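Quick notes on the structure that follows.
Quick note: residue numbers are just sequence positions, from 1. These numbers come from a predicted model, not from an experiment. Order of appearance sets the numbers: ligands from 1, and atoms from 1 within every ligand.
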Amino acid sequence: MSGATARTPAHALDIERIRADFPILNQDINSHPLVFLDNAASSQKPRSVIDAISSYYQRDHANVHRGVHTLSQRATDAYEAARSKLAGFLGATSDKEVVFTRGTTEAINLVAYSFVEPRVGKGDEILITTMEHHSNIVPWQLLCERTGAVLKVAPINDDGEIKLDEMFAMIGPRTKFVSVVHLSNALGTINPVRRIADAAHAAGAFVLVDGAQSAPRMRINVAALGADFFALSGHKTYAPTGIGVLWGKAELFDEMRPYQGGGEMILSVTFEKTVFNEVPAKFEAGTPHIAGAIGFGAAVDYIESIGIDAIEAHEHDLLLYAADRLPEIAGLRIIGCAREKAGVHSFVLDGIHPHDVGTILDNEGVAIRTGHHCAQPVMQRFGIAATVRASFGLYNTRAEVDRLVAGLGKVREIFG
Ligand code: PMP
């Protein structure tokens, strides 16, 4: 974690005020104040997001884009305003580059089907890495089955970093697409996606960055990242479930085939011929998750009111503090010690099953995740079945890290 010192300097978030914005945090679990350290799976929602959704349903709900009446116009305006906020959040040059999806998973499947599939044939290669989430593995396996393309996997080292030299050597004339995670949910590794994108582009390949974990934790500027597509999920970014975004370059979106057919994505339909709508509507068949998009817009407002740089610095402080304290527990081994790391500590305790750790911590009111984190190849790489994972959000505190460590101390007492 030597990258630590190079990052944003000290900061001061008013954590007590921030915590008061999240109603769910104010409760006891098993007679202890809740410590929520499962943010990488899904983060909690501030009141402003909950209120935006509630107010939409109480005052403005109607279907979007199709009505001339006032409520439909209000709903449409709010839905499109959310798109603009997301465009700003990602540094996109146009709202047309923002497609609402159900989440990162759907965004990746959309790119696989609509962009990559028509461009690949037998023997062409799709390159991913060992540290991908299943949602950035399985869509490519399915695509390879359909097309005869070959899935290549760049290896990672013992610290949980991509072996870049080996990855670059795997990029060649047959490489058509590279899909890589920005911040690993299983290891916390931040990948040098710009360098990877440059190498891929030099070989004529296109690039998707899975930003499910990075979007809530660091400033995203899609132009600076150099990718062609970027995917994120609302529910990890303080917004509702069931909503996400696929950002893509406008010229690529324009030439892509639709993902699903239905209403909204057409300009005209006859039985002889259907003319598709412009982007982004072309990729938003059917009635969208209007309330989800509005909630996502409100979450962006909330994040921006605090400042993503301050959030990044705060979480980084927690990560370093936890990295200092966790080794106090006998037999604890952190899995993933990348120099560039954020948000997540995965670890194992000698001789104790992660699920037992999770159950005992829950008794202490501490919510962490145990299992393979939808990244089974990472577990296989490290020769383990599962880890315990503590993941941070903007409302977590050093005192909560202390509660985690105290809980792990209890685990050690019980298991010896
Ligand atoms: N990629 C990463 C790195 C993730 O952490 C997750 C969620 N755990 C996903 C993709 C999938 O996101 P979703 O389930 O919201 O589609």
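- Between Asp317 and Arg398 a salt bridge is recorded (basic side-chain N to carboxylate O distance below 4.0 Å).
- Here the side chains of Thr147 and Val120 are in contact, with some heavy-atom distance below 4.5 Å.
- Residue-ligand proximity, Ser135 to ligand 1, at heavy-atom distances under 4.0 Å covers atoms 1 (N), 9 (C), 10 (C), 11 (C).
- The aromatic rings of Phe229 and Phe177 lie tilted to each other, with the angle between the two planes from 30° to 60°.
- Between Glu106 and ligand 1, not a single N/O pair is under 3.5 Å apart.
- Salt bridge Arg403/Glu400: absent, no basic N to carboxylate O contact under 4.0 Å.
- For ligand 1, the atoms lying closer than 4.0 Å to a non-hydrogen atom of Thr105 are 11 (C), 12 (O), 13 (P), 14 (O), 16 (O).
- Residue His373 does not touch ligand 1, judged by heavy-atom distances below 4.0 Å.
- Taking atom 4 (C) of ligand 1 as the reference point, the nearest protein heavy-atom neighbour is His133 CD2, 3.4 Å.
- Classification of Glu125 and Arg174 as a salt-bridged pair fails, no side-chain N sitting under 4.0 Å from a carboxylate O.
- Between Tyr238 and Tyr395, the ring planes are perpendicular. Angles over 60° get that label, and only those under 30° would be called parallel.
- The shortest separation from a heavy atom of Lys236 to ligand 1 is under 4.0 Å, placing the residue in contact.
- Taking every heavy atom of Ser233 and a limit of under 4.0 angstrom, the matching atoms of ligand 1 come to 12 (O), 13 (P), 15 (O), 16 (O).
- Near Val181, meaning under 4.0 Å from one of its heavy atoms, ligand 1 places the atoms 3 (C).
- Between Asp198 and Arg194, at least one side-chain nitrogen of the basic residue sits less than 4.0 Å from a carboxylate oxygen of the acidic one, meeting the salt-bridge criterion.
- Protein heavy atom in closest approach to atom 1 (N) of ligand 1: Asp210 OD2, 2.5 Å.
- Counting atoms of ligand 1 from 1 in the listed order, those under 4.0 Å from a heavy atom of Gln213 are 3 (C), 4 (C), 5 (O).
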